[in-house]
Protein chains: 2
Amino acid sequence: MPPKPKTEAERQQLRTLIIDAARELFVARGVEAVTMREIAKRIDYSATSIYLHFADKEAVLRAILDVDMLALAKRLNTILQISDAVERMQALGFAYAEFALSFPNHYRLMFMAERTPCDPEKSSLQKNNAEQDSYFLLKTVVNDVYLAGRFRAELQDVDLIAQTIWAGIHGVCSLEINMARDKWVNWAEISARLQLMQTVLIRGLLREPT
Amino acid sequence: MPPKPKTEAERQQLRTLIIDAARELFVARGVEAVTMREIAKRIDYSATSIYLHFADKEAVLRAILDVDMLALAKRLNTILQISDAVERMQALGFAYAEFALSFPNHYRLMFMAERTPCDPEKSSLQKNNAEQDSYFLLKTVVNDVYLAGRFRAELQDVDLIAQTIWAGIHGVCSLEINMARDKWVNWAEISARLQLMQTVLIRGLLREPT
DNA sequence: AACATTTACTTAACGGTGTTAATTTAACGG
DNA sequence: CCGTTAAATTAACACCGTTAAGTAAATGTT
């Protein structure tokens, strides 16, 4: 039974209703496995109604990722209360990994699934705002360590350092998410793998005296 | 026009014809985007003929991965000619990354795409044979470094060390493959990222003197 | 030599997909 | 009070993976 006029607030409400239903299903069973009809059923609408709010399935996914990137950034920002720069950097790695391993399907959507590249222009998130942009937060945290003169002398590119740390932690998490059920490899405990990666990153990047 | 009898060799030939056509398409455009009808057209058969040789699309993919895992192992084995254990270990990392970055869609199928876990029972590859099992090759190479007493004293688990190296290299490669087109991040050169990861791994894992 | 059987393959068809077009229903502005 | 418009629906399209049913050629048996 379709009534007519809808305030902008109501439209937005329905948008987030769709996003939340879709996320729950995507996370539980993967994007490809979930149908538009299924998402619609979940919120008692017809499948075609979704197209009044999103261009296509991909657009629903993008909207979800935008919201979740913000959630990740918010979560990671809690480490800013740590005063020591190096400790803060390590804590960021652990917080990131905790997110990835707590919500593996989430993480897969965000950082492992094939997708069209994310354009800052088209995102609702503000780039270079640490509260919304997790990469910028990482860069900031790395930069603090850099300014404290704790990195090895030859390491002068903060982006390069940040990307190496990201790669290390992401490597551990993504292998865990994708391959850890594989019987082929005799996997060590994920906590041990994560801890060793952190240690290796710190030892490999910081100056010798502690 | 269907003739009747086919030798086992001919059956096998058709199997690899299907595999090769499917791989080419999968690698070019991703598994989901390629249809069975398309694979069939490529080799001038009807779509249903594929089902005479494979249970379903997933089975075609598995067969491809089996072949390609072997190809990767073969490629990586060339590093065994290097005599120094530490150099050999580094060379393995570079060779692995070269494979991943040269055949990104291949690599995605093998190590990044969601898939049912790989069971050694059902694979044609021999586990713990360095010529076919790349993880075993890595473990062997790591073990040589271990036996040479080059790792830090507290590192006693060869699997853990191997998995950390794998995670580091995989992290660099998978971020490159999935995210490097992303305008959000100011990416450093991939060669610099790979080199720094190698350096960090070596510094983080090996004993101090050299 | 004739014929039933088996094999390799094809076309037809099924249920389901993302998406678009056409249609209905309800509230608003005049 | 009625046409317009917005929100929703149902119908429909082209295509997907897969299965069922059908067809043609080589074989083994008689």
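Order of the sequence lines fixes the chain letters, A, B, ..., with proteins taken first and strands second; residue numbering starts at 1 for each chain.
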>> Whole angstroms only, please: what is the OH-C1' distance between A/Y51 and C/dA21?
In response: 14 Å

> Donor-acceptor pair under 3.5 Å: do we get one between A/R37's side chain and the base of C/dG16?
Replying inline: no

> So does A/Y45 get a side-chain nitrogen or oxygen closer than 4.0 Å to the phosphate oxygens (OP1/OP2) of D/dA8?
Replying inline: yes

>> Which nucleotide wins on minimum distance to the side chain of A/H53, given the candidates D/dA8, D/dG17, C/dC9?
In response: D/dA8

> Nearest of C/dT17, C/dT11, C/dT19 to any side-chain atom of A/T35?
Replying inline: C/dT17

> Nearest-Å distance, CD (A/E58) to P (C/dG18)?
Replying inline: 13 Å

> Quick one: is D/dA7 close enough that its OP1 or OP2 comes under 4.0 Å of any side-chain N or O from A/S49?
Replying inline: no

>> Does atom CD (B/E189) have a neighbourhood of more than 12 heavy atoms from anything else shown, all under 6.0 Å?
In response: no

> Are any of the side-chain heavy atoms of A/H53 and A/R11 separated by less than 4.5 Å?
Replying inline: yes

> Atom NZ of B/K41 to atom P of D/dG17: distance rounded to whole Å?
Replying inline: 14 Å

> Rounded to the nearest Å, what distance is computed from the CD1 atom of residue A/I18 to the P atom of nucleotide D/dA8?
Replying inline: 9 Å

> Nearest to the side chain of B/M36, which nucleotide is it out of D/dG17, C/dT20, D/dA20?
Replying inline: D/dG17

> Considering only C/dT19, D/dA8, C/dT10, which nucleotide approaches the side chain of A/L52 most closely?
Replying inline: D/dA8

> Do the rings of A/W166 and A/F111 sit parallel, tilted or perpendicular, given the 30° and 60° boundaries?
Replying inline: perpendicular

>> Whether the side chain of A/D68 engages the backbone of A/A71 through a donor-acceptor N/O pair (distance < 3.5 Å, no angle test) should be reported.
In response: no

> Roughly how many Å is it from CG in A/L25 to P in C/dT17, rounded to a whole number?
Replying inline: 12 Å

> Between atom CG in A/L14 and atom C1' in D/dA7, what is the gap in whole Å?
Replying inline: 10 Å

> B/I43 has an atom CD1; how far is it from atom C1' of C/dC9, in whole Å?
Replying inline: 12 Å

> For D/dA26, which nucleotide in any strand shown is its Watson-Crick or wobble partner with both distances under 3.5 Å?
Replying inline: C/dT5

> To the nearest angstrom, how far is A/E38 atom CD from C/dG18 atom C1'?
Replying inline: 13 Å

> Do the charged groups of A/K127 and A/E121 touch, with an N to O distance under 4.0 Å?
Replying inline: no

> On DNA chain C, nearest-nucleotide positions of B/A47 versus B/R11: which is more 5'?
Replying inline: B/R11

> Where the side chain of B/T48 is concerned, which of C/dC9, C/dT11, C/dT20 is the nearest nucleotide?
Replying inline: C/dT11

> Which part of the nucleic acid does A/V34 contact within heavy-atom distance under 4.0 Å: base, sugar-phosphate only, or nothing?
Replying inline: sugar-phosphate

